[in-house]
Amino acid sequence: MANNLLKGKKGIVFGALDNKSIAWKVALEAVANGAEIVLTNAPIALRMGSINELASQCNAKIIPADATSLKDLEHLFDASMQELNGKIDFVLHSIGMSVNVRKKRPYTDLNYDFLIKGLDVSAVSFHKMLQVAFKMDAINDFGSILALTYIAAQRTFPDYNDMAENKSYLESIARSFGYHYGKHNNVRVNTISQSPTMTTAGSGVSGFDAFFEYANSISPMGNASSEDCAKYCISLFSDYTKMVTMQNLFHDGGFSSTGVSQDIIDILQKK
Ligand code: NAI
């Protein structure tokens, strides 16, 4: 279903770890739609994951960057503009990590050093990336910058732990920076709130399988897949959404607007 929506556009894709990653699907879909891209991830993830395979499929260079390091981000934008021969049209921030979730700390017993680290990786990194790009004037007019988020920013999902705060902060940055970038040179900044998706980061949340099935049963269309999420990202990178900015956009098969579904009622009535 590639329609060359990104023909002539140049992008940077953060966060492809393995072929389950949402960013992996976005990279493939962007290239299928005519874009040229650079792939990036934290140096440790480049050693652990399988990004080389994606790079060869996408004919893309990999430029390592820890998204919490301003120095790495400056190098990334500089080297990407050289590699792609010009300014950047789109960026995907597909990064999330909570040390408290990894170490199974309950929400009522958080370690605050872990909290600060997770906030830096999952949310402040988005501001850092935007600020570096802004100061370097690295994004073309009507460029589009996206980050991925989850509905736990608005509603409580107990096992999502301190990632809920990280996502709230992330979504707020999209609104605040979106204002300044819109004024500066019409660059759009949005977040996509995606359904639960079977990936390394997703399945790190305890009880993820039940979480996934619950969302699937509530959503009238079922959970949105990572492939469909990638297609939605392409539409937001394209010129068909030029005036969409400072939004948190739900890509969830209707989950966010549904109170209860017949499927859930049927399950509960059988008990
Ligand atoms: P993933 O585990 O494949 O991707 C997370 C990425 O973050 C990895 O590539 C990892 O290397 C990268 N990362 C971690 N620390 C980094 C750092 N310091 N610098 C640069 N990169 C770093 O998992 P997934 O699910 O594809 O996650 C992508 C995004 O989608 C995350 O923001 C996640 O919260 C979000 N999301 C995921 C959902 C799910 O159920 N899987 C649902 C809604 C949103």
Side-chain angles (χ1 to χ4, degrees), residues 12-27 39-51 54 62-73 75-76 91-99 101-102 116-126 128-129 132 146-155 157 159-171 173-174 191-216 219 223-230 232-233 248-253 255-256:
I12 301 178
V13 175
F14 286 75
L17 179 67
D18 55 33
N19 62 10
K20 295 201 283 307
S21 300
I22 300 170
W24 187 286
K25 309 288 162 54
V26 176
L39 295 167
T40 183
N41 210 324
I44 185 165
L46 296 180
R47 288 196 294 276
M48 286 163 47
S50 44
I51 198 172
L54 178 65
I62 304 167
I63 302 176
D66 176 340
T68 65
S69 158
L70 290 173
K71 201 166 126 277
D72 283 11
L73 290 168
H75 173 258
L76 170 68
V91 182
L92 177 74
H93 176 288
S94 185
I95 299 171
M97 192 277 298
S98 156
V99 189
V101 168
R102 277 201 184 168
I116 295 293
K117 176 69 187 163
L119 180 68
D120 198 18
V121 170
S122 307
V124 182
S125 64
F126 192 41
K128 289 179 176 172
M129 187 194 95
V132 165
L146 278 179
L148 293 175
T149 186
Y150 184 58
I151 194 172
Q154 287 82 32
R155 297 200 208 152
F157 293 81
D159 288 336
Y160 206 66
N161 210 313
D162 59 348
M163 275 304 286
E165 280 76 28
N166 296 343
K167 291 305 192 189
S168 303
Y169 198 100
L170 180 83
E171 291 176 18
I173 290 169
T191 50
I192 293 180
S193 188
Q194 162 68 4
S195 293
T197 313
M198 296 287 183
T199 63
T200 303
S203 38
V205 175
S206 85
F208 185 77
D209 288 352
F211 207 62
F212 182 94
E213 278 313 319
Y214 174 75
N216 200 39
S219 316
N223 288 333
S225 69
S226 48
E227 287 81 5
D228 282 323
C229 183
Y232 191 37
C233 291
N248 178 46
L249 303 157
F250 288 100
H251 183 258
D252 63 0
F255 178 86
S256 48

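In this chain, residues are counted from 1 in sequence order. Both counts, for ligands and for their atoms, begin at 1 and track the order of listing. Keep in mind the model is a prediction, meaning the values are calculated, not measured.
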Has the side chain of Lys128 got a donor or acceptor atom that lies under 3.5 Å from a matching backbone atom of Thr68? yes
Give me the pairs of N or O atoms, one from ligand 1 and one from the protein, that sit under 3.5 Å apart.
{"from": "ligand 1", "atom 1": "2 (O)", "to": "Ala201", "atom 2": "N", "distance (Å)": "3.0"}
{"from": "ligand 1", "atom 1": "3 (O)", "to": "Ser21", "atom 2": "OG", "distance (Å)": "2.6"}
{"from": "ligand 1", "atom 1": "9 (O)", "to": "Gly15", "atom 2": "O", "distance (Å)": "2.9"}
{"from": "ligand 1", "atom 1": "9 (O)", "to": "Asn41", "atom 2": "ND2", "distance (Å)": "2.9"}
{"from": "ligand 1", "atom 1": "11 (O)", "to": "Asn41", "atom 2": "OD1", "distance (Å)": "2.8"}
{"from": "ligand 1", "atom 1": "11 (O)", "to": "Asn41", "atom 2": "ND2", "distance (Å)": "3.4"}
{"from": "ligand 1", "atom 1": "18 (N)", "to": "Asp66", "atom 2": "OD1", "distance (Å)": "3.0"}
{"from": "ligand 1", "atom 1": "19 (N)", "to": "Ala67", "atom 2": "N", "distance (Å)": "2.9"}
{"from": "ligand 1", "atom 1": "21 (N)", "to": "Asn41", "atom 2": "OD1", "distance (Å)": "3.3"}
{"from": "ligand 1", "atom 1": "23 (O)", "to": "Thr199", "atom 2": "OG1", "distance (Å)": "3.3"}
{"from": "ligand 1", "atom 1": "25 (O)", "to": "Thr199", "atom 2": "OG1", "distance (Å)": "2.4"}
{"from": "ligand 1", "atom 1": "26 (O)", "to": "Ile22", "atom 2": "N", "distance (Å)": "2.9"}
{"from": "ligand 1", "atom 1": "32 (O)", "to": "Ile95", "atom 2": "O", "distance (Å)": "3.0"}
{"from": "ligand 1", "atom 1": "32 (O)", "to": "Lys167", "atom 2": "NZ", "distance (Å)": "2.9"}
{"from": "ligand 1", "atom 1": "34 (O)", "to": "Lys167", "atom 2": "NZ", "distance (Å)": "2.8"}
{"from": "ligand 1", "atom 1": "40 (O)", "to": "Thr197", "atom 2": "N", "distance (Å)": "2.7"}
{"from": "ligand 1", "atom 1": "40 (O)", "to": "Thr197", "atom 2": "O", "distance (Å)": "3.3"}
{"from": "ligand 1", "atom 1": "41 (N)", "to": "Thr197", "atom 2": "O", "distance (Å)": "2.9"}
{"from": "ligand 1", "atom 1": "41 (N)", "to": "Thr199", "atom 2": "OG1", "distance (Å)": "3.0"}

Does Leu92 reach the side chain of Phe14, with side-chain heavy atoms less than 4.5 Å apart? no
Under a 3.5 Å distance rule, please check whether Ser195 uses its side chain to pair with a backbone N or O of Ala224 as donor and acceptor. yes
Between Lys167 (side chain only) and Asp162 (backbone N and O only), is there a donor and an acceptor less than 3.5 Å apart? no
If the threshold is 4.0 Å, N to carboxylate O, is there a salt bridge linking Asp228 and Lys25? no
So Asp18 and Thr200, side-chain hydrogen bond (donor to acceptor under 3.5 Å, both in side chains) or not? Walk me through it. CA-CA 8 Å; Asp18 55 33; Thr200 303; 3.1 Å; yes
